[in-house]
2 protein chains.
Amino acid sequence: MGEKADSELVRRQNRRIVLDALRQRGNLARVELGRATGLSPASITAISAQLIEDKIIEEVDEPMGSALTGKRGRPIVRLSLRAEATHVAVVKISIDAVSMMLADFQGRVTAERAFRIPTYGSEQATFGETLAATLASFIEEHRGKSGVARVGIAVQGLADSRSGSINWSPVFRARHVPIAPAIEKRLQVPVMVVNDANMIAEGLLSMDRESYGGNTAVVFLGYGVGMGLILNGAVYHGATGAASEFGHMNHLPDGALCRCGRKGCLEAYAADYAILRTAYGTPQDEPRMSAVDPAQMIELMNKAKAGDTVALNAYEAAGTALGFGIARTIALLNPDRIILAGPGTRALELIEPAMHRAIKDGVVDEISRHVTIEHVSFDKDMIARGTIDALLRGLVRDVFSQGPSRASATHMEFAK
Amino acid sequence: MGEKADSELVRRQNRRIVLDALRQRGNLARVELGRATGLSPASITAISAQLIEDKIIEEVDEPMGSALTGKRGRPIVRLSLRAEATHVAVVKISIDAVSMMLADFQGRVTAERAFRIPTYGSEQATFGETLAATLASFIEEHRGKSGVARVGIAVQGLADSRSGSINWSPVFRARHVPIAPAIEKRLQVPVMVVNDANMIAEGLLSMDRESYGGNTAVVFLGYGVGMGLILNGAVYHGATGAASEFGHMNHLPDGALCRCGRKGCLEAYAADYAILRTAYGTPQDEPRMSAVDPAQMIELMNKAKAGDTVALNAYEAAGTALGFGIARTIALLNPDRIILAGPGTRALELIEPAMHRAIKDGVVDEISRHVTIEHVSFDKDMIARGTIDALLRGLVRDVFSQGPSRASATHMEFAK
DNA sequence: ATTGATTATTTTGGCGTCTAAAATAATTCT
DNA sequence: AGAATTATTTTAGACGCCAAAATAATCAAT
């Protein structure tokens, strides 16, 4: 429990605090850093000198908007993360489409591209190699020899952080598709394979730790149903990286058929495809795998809003399943916040009444009364944002906080 | 994120590491402490000298069993926690019965007594005062002026750690019974109000961090159904201390009536009273509140083992509910271990088949395959053991790790 | 333009804690 | 009794922090 402390740990921790402050609050002058971190000016001078020496941060001259007007005294010199200090790569895998992007140390996207790479029908044995080759040339093209220090792969479904593979995902027909090993071998860089909803949670966390930093469940509604859990202020990945499969948490034993092949998953009631299935009276044991056209969902929504009973009932069924799922989550985890997000929330007003009823029926008042349930909308690149932030945070923790002696941006380990 | 580090933090952390090593491994000599903590002999000398000075630990002469036979060299001198350094009090509240115990810094129980204090019919306004008075005189009797440094109150149901009250419990008819404030006021000591299943988890954790230290769910089967969650190596309490109400996680919407007044809770299928209710064909919407005689459960179990179909079906229904509950927990949290414990496990062989079937039906193979499900039996004082350990751990963290200047064993805050 | 006021940053000196290495202590073995 | 062995303490030096003093860079006012 806890690790031996010595002066090395002190410096490491303080370097990390300084870098995190810059990452979270943007460029700060030394005085401001002192106030933000609680460190004395003398220490800030020493630490920042070292970080500048290590080319991790740099002084920045703010030419115009300095707002130095009227202020007496020696002007501040802001410090900023040196964008070029490192780069990371993010790969988002969707059905037969892969998007890749690079980001610098400031978290800014420096390159982005979409690839058509077959996933669903791909061979378990070759996909990783194909992806690695594509990624390698994408990185080579934009970064040349410099490469990247970390790679994050976000995908819907069951990520396995230990083996770096995707154990099950709607994106692949195959199970246990290995991803990380091929890339790690080729790029000699740590690769993390993660669930996309967890990265959305990371993104929200990076935007507003104040609000989401306690115990928050982020529910993502769309073609599937996902969840990212923030427990005690950090995104929770579970033992193997497979948490939190909210969408495949059972709603009704022996219930409607889900894409995963099991019956009664929450997703089989509340995902887009499930709502459509209910609305069109398709038998609930009929697989509904084909992609859903967003226009179709909007049409259904409008029908419901116009009073179409069948459509309304479909949303109600979704709301009930969602509500019981949330109720179960609340009973188990006693969170302080539930966030609803994703395209599925466009019909939130149709879902909400049944959802709230189910929550009321499904969990003791004494727990649920402390939970805030709210809706947040964000742009679709929240996954990328969260992944970039998680990668950079790890890099700061494992590499840049280390003293100059140990810094090595391409080391192959993820410290826990 | 993370706190400024300085030499004070270094000493605090290392003191804590040393004390934790002694708490977890028993008496150790300075060399052994060095090996256990990674600290140099010189530092161990310095730290232990200070701790001895502060009367937190002491040298111990091991007169006979020293096993010093055959060993050359200067003999070791073991250090031990000084039992008298502090005492804590644990209160377990059951229906109309309260048991209190005191434990010293080594975790040994030094006094114990059961009281008949009416709980179920008690007034919300007076119970806390009554309890405080009883506890105060119990402590006074055994500890005189020395008192205790911390109090822990363990109870079935919804603890509210923020207000120090019990928001709902089968033990009380009333809701929101305040407990901590009256005791804190009277004894001027921090009081924690916690769920008993969480303390069982603490107890297991204190016995075997190796096995249970990752992500473990401890399910307690008995008159009720409880759960203690260990996430990332620490017992998880949730936002208000109400996690994890596994027993009141909904199993079937609009299902069997539960003691909590809601319908379909897992407990309403898998608790002792529920199994009896099913077995005797009592309608599922009939409240079954009265205490269950263990003999009655054993009788039922024997009937089932003898092949009685009705009894078997009752256990099967319990197994199914339990299994789906576990499946949902696995989907949400991806634990690496599920522990079944409590008197209800005496009929485990009757419950297990249906339980495993439900788990198989309720969660994707790819997650459940990594989960170990096992049964552990322990003596009934695991709650006390866990509570004592949690209290002492907090005391070490908040008080004894502090340098001599700040140590004050009766400070009123719980640091988080 | 010079001087003083003001604010930012760096330098200096001292403190606390750690470690390695040397010294000391307490035994057993021969 | 002396040598060998193991435990603990002492010594000397390193590192990081902080407070206070010194320096730097600006604005304001005469």
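Below, chains carry the letters A, B, ... as their sequence lines are ordered, and counting in each starts from 1. Quick caveat, the model's predicted, so the values are computed rather than measured.
Rounded to whole Å, atom P of D:dT8 lies 7 Å from atom CD1 of B:Ile76. Spacing between atom CZ of B:Arg12 and atom P of D:dC17 amounts to 15 Å, rounded to whole angstrom units. Rounded to a whole Å, the CD atom of B:Gln13 is 14 Å from the P atom of C:dT17. Nucleotide C:dA8 holds its P atom 15 Å from the CD atom of A:Glu59, rounded to whole Å. Rounded to whole Å, atom P of C:dC15 lies 17 Å from atom CZ of B:Arg11. Across the protein-nucleic acid pair, B:Leu28 atom CG and D:dT8 atom C1' stand 15 Å apart, rounded to whole Å. Put simply, CG on A:Leu9 is 12 Å from P on C:dT19, counting in whole angstrom units. One can place CD of A:Glu8 at 16 Å from C1' of D:dC17, the figure rounded to the nearest angstrom.
Positionally, the nearest nucleotide of DNA chain C for A:Arg35 lies more toward the 5' end than for the other of A:Arg35 and A:Asp6.
If you check D:dG16, C:dA8, D:dC27 against the side chain of A:Arg72, the one that comes closest is D:dC27.
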Would you tabulate the nitrogen or oxygen pairs shorter than 3.5 Å linking the protein to nucleotides 21-24 of chain D?
| residue | atom | partner | partner atom | Å |
| --- | --- | --- | --- | --- |
| D:dA24 | O4' | A:Arg74 | NH1 | 3.4 |

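Within 4.0 Å (heavy atoms only), A:Ala5 reaches sugar-phosphate atoms of the nucleic acid but no base atom.
Side-chain N/O atoms of A:Asn14 include one lying less than 4.0 angstrom from OP1 or OP2 on D:dC17. In this structure, B:Lys4 reaches the D:dC18 phosphate: one of its side-chain N or O atoms is under 4.0 Å from OP1 or OP2. Look at B:Arg30 and you'll find a side-chain N or O under 4.0 angstrom from OP1 or OP2 of D:dT9.
Residues forming a side chain to side chain donor-acceptor pair (under 3.5 Å) with A:Arg30 (at least two apart in sequence, or on another chain): A:Ser48, A:Glu59. In this view, A:Asn215 and B:Tyr236 satisfy the side chain to side chain donor-acceptor pair (under 3.5 Å) rule, not counting sequence neighbours. Residues satisfying the side-chain contact (heavy atoms from CB on, under 4.5 Å) criterion with A:Arg11, sequence neighbours excluded, are A:Arg15, A:Ala46, A:Ile47, A:Gln50. Scanning for side chain to side chain donor-acceptor pair (under 3.5 Å) contacts around A:Asp379 gives an empty result, with sequence neighbours left out.
If you check residues 39-48 of chain A against DNA chain C, the residues with a heavy atom closer than 4.0 Å are A:Pro41, A:Ala42, A:Thr45, listed by number.
Evaluated for a side chain to side chain contact (heavy atoms under 4.5 Å, CB included) with B:Leu204, the options B:Met382, B:Arg385, B:Met199 yield exactly one hit, B:Met382. Of the residues listed (A:Lys55, A:Arg143, A:Arg108), the one engaging A:Glu84 in a salt bridge (charged side-chain N to carboxylate O under 4.0 Å, His left out) is A:Arg143, and it is the only one.
For B:Ser401 (side chain) and B:Gln13 (main-chain N/O), no donor-acceptor pair under 3.5 Å exists by modelled atom type.
Salt bridge present: A:Arg16 and A:Asp20 bring a charged side-chain N and a carboxylate O closer than 4.0 Å. Under a 4.0 Å N-O distance rule, the pair A:Glu32/A:Arg78 qualifies as a salt bridge.
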